Every structure is written in C-alpha cells, then in structure tokens.
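Everything numeric in this text was worked out from a predicted model, so none of it was measured.
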Amino acid sequence: MARRNKNKIFENVTVTEAGAKGKAVAKAPDGKVIFIDNAVPGDIATVQTFKKRKAYYFAKATEFAKLSDRRTEPECQHFGTCGGCKWQHMNYESQLHFKEKEVFNQLTRIGKVEPLEIIPILGSQKKYFYRNKMEFSFSDSRWLTLDEINSEKEIQDRNALGFHIPGMWDKILDIKKCHLQQDPSNAIRNGVKSFASEQGVSFFNPRKQEGLLRTLMIRTSSTGEVMVLVQFYYRDEEKINLILNYLKNNFPEITSLLYVINEKGNDTIYDQEVLCFAGRDYIIEAMEGLQFKITAKSFYQTNSAQAYELYKITRNFAELTGNELVYDLYTGTGTIAQFVAKEAKKVVGVEVVPEAIEDAKANAKNNNIKNTNFFVGDMRKVFTKDFIAQNGTPDVIITDPPREGMHKDVVEQIINIKPQRIVYVSCNAATQARDLQMLDALYQVTKTQAVDMFPQTHHVENVVQLELR
C-alpha cells in the first residue's frame, strides 16, 4: 500500500518572527509553530511542510500573498541555493533588530537574568566583503541547477570550486562571485578553477576518494596581505608545481603561498604539515598598534574591523585601572589578552590548542608585551586550585569560550574564586545564558551588548559584564 503523503499546505500564513538558524517563524492553524526556510517576518504566504515534529513543522513558502516591508533584494546570484548568507533578503536594520531580540530572549528566558543596562547592538559598517578567511572545496561533480537537470543537453563541465550544499557533504555549488571576502578572493578562486580545468588537473571526488585538488583557503588581512593555501589529495610534483606557479605568477598580491598534501578521508588540516611554496608562512594582522602573525592554522576573528570593535567593548567592560590580575580563559592566540594588557597589571591566558599558545607567545614577544603568561591545556583540567595558587587569584576574568559555552567545572571554579568582575564574550547566546544562570547567585549582570560580526547571517556575538553581588 502506498505511503500517505503527510505534508500539509497552509494558506495565508503570517510570518511573525525570525528564529533559530535563520529560519522565519509562523503559527499554523492547528497552533503548531512553523519554521520556514525562505520567508521574512511580515510576509503573508502559502507554505508547504516537508517535515513534522510533535510541536512544530518545517516548511517552505510556495506563494506570497504579501511581501514584507523588511524585505530587500539579495546581492548574490547564488542566494537561495548557497546556505552561507540566509538573511540577504532581509534589510540590515531588521537583521540587527532580530539579532538583538534573540540575544535578549536567550538571556531572559534561559538565563533568567535581568541586565541592569542593555546597550544597543553594534552594527557592522561593512555589510558585504567583511570576512578575512574563506574556504572553498573542489569537486568533479558539481551541483546542477534544475534547468540543467531538465534540459536534454549533456553537461560537459562538472568541475566546481565553491561551497557545500547545505546538508550535503558531497555536493558542491560552483561559486561565480562570493560577496563575503574582498578582492582578490574572487579572482583567485575563479582563476585557479579555470586554469586547473584547462590543464586537465583532476578535481576531488569525496565518494570515490580520488582527484588531486581538494580545497582552497584564502585569508586576507587589514594590512593588505594575502594568504592562499591549496590542499592536494596526493603528491604529484609536476601538477602541484603547475598550480602553485600559476598562483604565484598571476597574483603578486599573495604574500603567503602554502600547500598541504592530505591523504585522509576528511579535509581538516590541523593534523597536517603545512608547506610554504612562496613568501612567508604567515600574514600580519594589525590592531591598535599591535601586530599579530596569522598562520594557516591560527584562529582569528573572521571580521577584522568588527573584531576591533568587539575587543574595545570587552576592554571597556573589564574597567581596568592598571592594578588588576586578569585571566583570559579560552584565549585562542591571545588577541584579547594582549589587547587589554597595557591596562592591566598582568594577564594570564589559557587555551587548549598548543599551536594557538605558540602564536600567542610569539605575538606577545613581537609586540614587546611583558606582562602576559600563556598556558596550554584543557580548561577544566588546567583551571584548578593549584593553577590559581601558582598564578594568583584574578580580579577580573575575561572568557570567550567556543559555541558550547564553558564546562560546568570551569563555572564552578569561577564561583569558588569569586573574581570581582567577569566579562563573558560569546558567539552563542543560548549557552552563554545557561552559564549566566549558574553564576546568578553570586553575580549581577550589569551590562550587555550584542555585536554583529556576520551581516547577512543570523549569527551574533554578545558581551556581558557581571559584577560580584
């Protein structure tokens, strides 16, 4: 017996909110919530569900009775297929509104905290071309458009250099122009793709695990330097040299030309040797007189200009006088630690990635900063009574954890040592709110400010100041 189609169609649905992961939110006639992929708050649409859960549906708008005033025309030709900039069809003022609202809802609903002061969200001056790092994947079986599939023509060119189709690990959308990274990013990507195709250099196939060209990483800096890293699947000196010499000779802007030979099943390079073909093995990022060496494996905020604003807010929230011992937890390459060091007595940074701590120490030395100490290790294992006995009890803690937030053992240790002030930087307001609730018995949230690091997406950073009650 044929399986009954359980997908539903709802007409004249009013979209009311922007929700998690960039989806629009509406309510179905039966009272359930609908998460819609391609709508904007204020739209009135006919939607068709494609997935059902106990309390909600996932759906797509198939027809619009009314378009929202919050809509705007997307800049990118790939919008709607590429999953990278899901809010391009929403004007920027509305993007900021819903990001700020999301942060407030997370803090008050999950964290049950009531900030004494909510400072308005800080928008980004650059709405496009703001990222300093992009990673593209090669593929010998690019994603085909519906028109291509329906046509009777035989598709000759299947090579692609672009982004994964959302939810599909083996399907790559060929990108003609990306609006996220400044020049020469698009020229480099399009140039190397055309050259490699013309020369018959094979593109990777993840299912068959074959093909030479795997990935292309491009990093740019505020100082005008450019890093390019090409990842190859196996060693073929002739073709590797062919590709790298093309890049070297045609793009003199490249100051760091690197490559990796990665024979693993996945594309991560953190356990791979990075080889320098031309130039230096790093680029320089600058901020307020400080210089930071950025290597292929370095973590650095991907929006350089807005990172400077984020760090200024963090430093202001720390309210340093020059007499404080500061702990910078999850310090990464020590950027925040060095940024606040001149206003502190001493800064102690802790990070789990050994290469990041090596970068932090090297950058501090190059910047002639002598009041920072950096330690490597798992935060919950390093941040102990013995560690605090050796390094001193902090007056201020700055913490910038990954998306999953702080481990509960770390939060409990903060509660044990009772620093006067905490500045919590987060890229995930939900886990930040969870941690704030644990701290609520001892700490008052005195200030909070969201910072938009990623225009055209739903992602947002948030900075919170906590004072000992």
Side-chain angles (χ1 to χ4, degrees), residues 132-133 219 221-223 225 227 255-256 270 274 276 280-379 381-383 387-402 410 419 421-425 463:
N132 57 40
K133 179 184 178 184
R219 298 187 87 145
S221 75
S222 60
T223 61
E225 297 186 344
M227 174 186 289
T255 54
S256 174
Y270 292 99
V274 177
C276 185
R280 303 188 308 247
D281 63 354
Y282 62 89
I283 56 176
I284 295 290
E285 187 60 79
M287 185 183 294
E288 208 173 78
L290 300 174
Q291 290 194 341
F292 302 99
K293 285 185 178 180
I294 308 297
T295 65
K297 298 180 184 180
S298 292
F299 170 80
Y300 193 80
Q301 290 282 358
T302 51
N303 183 339
S304 298
Q306 202 68 343
Y308 179 42
E309 302 301 325
L310 179 74
Y311 294 164
K312 284 194 289 186
I313 291 168
T314 301
R315 186 172 60 192
N316 290 340
F317 278 21
E319 296 184 17
L320 302 174
T321 65
N323 299 315
E324 294 87 359
L325 171 60
V326 180
Y327 276 18
D328 182 25
L329 309 184
Y330 310 92
T331 191
T333 54
T335 317
I336 291 177
Q338 294 174 63
F339 193 74
V340 305
K342 65 182 179 182
E343 296 186 8
K345 183 178 179 181
K346 184 179 178 182
V347 184
V348 174
V350 183
E351 169 61 44
V352 70
V353 181
E355 293 88 352
I357 290 298
E358 289 175 15
D359 288 344
K361 290 178 178 178
N363 286 326
K365 184 178 181 181
N366 292 337
N367 287 318
N368 199 30
I369 296 173
K370 298 178 180 178
N371 63 332
T372 56
N373 276 351
F374 295 104
F375 299 90
V376 64
D378 186 329
M379 189 63 60
K381 296 176 181 176
V382 172
F383 190 46
F387 181 86
I388 293 157
Q390 292 170 12
N391 292 281
T393 302
D395 304 293
V396 176
I397 285 181
I398 297 172
T399 181
D400 185 4
V410 177
R421 186 174 299 115
I422 303 168
V423 182
Y424 192 149
V425 184
V463 189

Where do [X] and [Y] come nearest, in terms of heavy atoms and distance?
{"X": "F383", "Y": "I388", "answer": "CE1-CD1, 4.1 Å"}
{"X": "G332", "Y": "A360", "answer": "O-CB, 4.5 Å"}
{"X": "A337", "Y": "T331", "answer": "CB-OG1, 3.9 Å"}
{"X": "T393", "Y": "L325", "answer": "O-CD2, 3.6 Å"}

I'd like to check [X] versus [Y] (side-chain heavy atoms, cut-off strictly below 4.5 Å). Are they in contact?
{"X": "Y424", "Y": "I397", "answer": "no"}
{"X": "Y270", "Y": "V353", "answer": "no"}
{"X": "M287", "Y": "Q301", "answer": "no"}
{"X": "V326", "Y": "K346", "answer": "no"}

Any sub-3.5 Å donor-acceptor pair from [X]'s side-chain atoms to [Y]'s backbone N or O?
{"X": "E285", "Y": "S222", "answer": "yes"}
{"X": "Q291", "Y": "G289", "answer": "no"}
{"X": "N132", "Y": "R219", "answer": "no"}
{"X": "R315", "Y": "V340", "answer": "no"}
{"X": "S221", "Y": "I283", "answer": "no"}

Exercise. Please work out whether the ring planes of F387 and Y327 are parallel, tilted or perpendicular, with thresholds of 30° and 60°.
Key: perpendicular
Roughly how far apart are [X] [atom1] and [Y] [atom2], rounded to 0.5 Å?
{"X": "D359", "Y": "F292", "atom1": "CG", "atom2": "CZ", "result": "11.5 Å"}
{"X": "R280", "Y": "E225", "atom1": "CZ", "atom2": "CD", "result": "4.0 Å"}
{"X": "E319", "Y": "E343", "atom1": "CD", "atom2": "CD", "result": "11.5 Å"}
{"X": "I294", "Y": "T335", "atom1": "CD1", "atom2": "OG1", "result": "6.5 Å"}
{"X": "Y282", "Y": "T255", "atom1": "OH", "atom2": "OG1", "result": "9.5 Å"}
{"X": "N363", "Y": "T333", "atom1": "CG", "atom2": "OG1", "result": "6.5 Å"}

>> Checking F339 against K312 for the side-chain contact (heavy atoms from CB on, under 4.5 Å) test, could you report, in this order, the C-alpha distance in whole Å, the side-chain angles of both residues, the deciding distance, and whether it holds?
In response: CA-CA 8 Å; F339 193 74; K312 284 194 289 186; 3.9 Å; yes
side-chain contact (heavy atoms from CB on, under 4.5 Å) test vs V463 passes for just one of V425, D400, I398, namely V425
In V347, D395, V396, the residue satisfying side-chain contact (heavy atoms from CB on, under 4.5 Å) with L320 is V396
task = Would you mind checking if E358 and K297 are paired as a salt bridge, meaning a charged N to carboxylate O distance below 4.0 Å?
result = no
* Asked: For M379 and V350, what are the C-alpha separation, side-chain angles and deciding distance, and is it a side-chain contact (heavy atoms from CB on, under 4.5 Å)?
  -> CA-CA 7 Å; M379 189 63 60; V350 183; 3.7 Å; yes
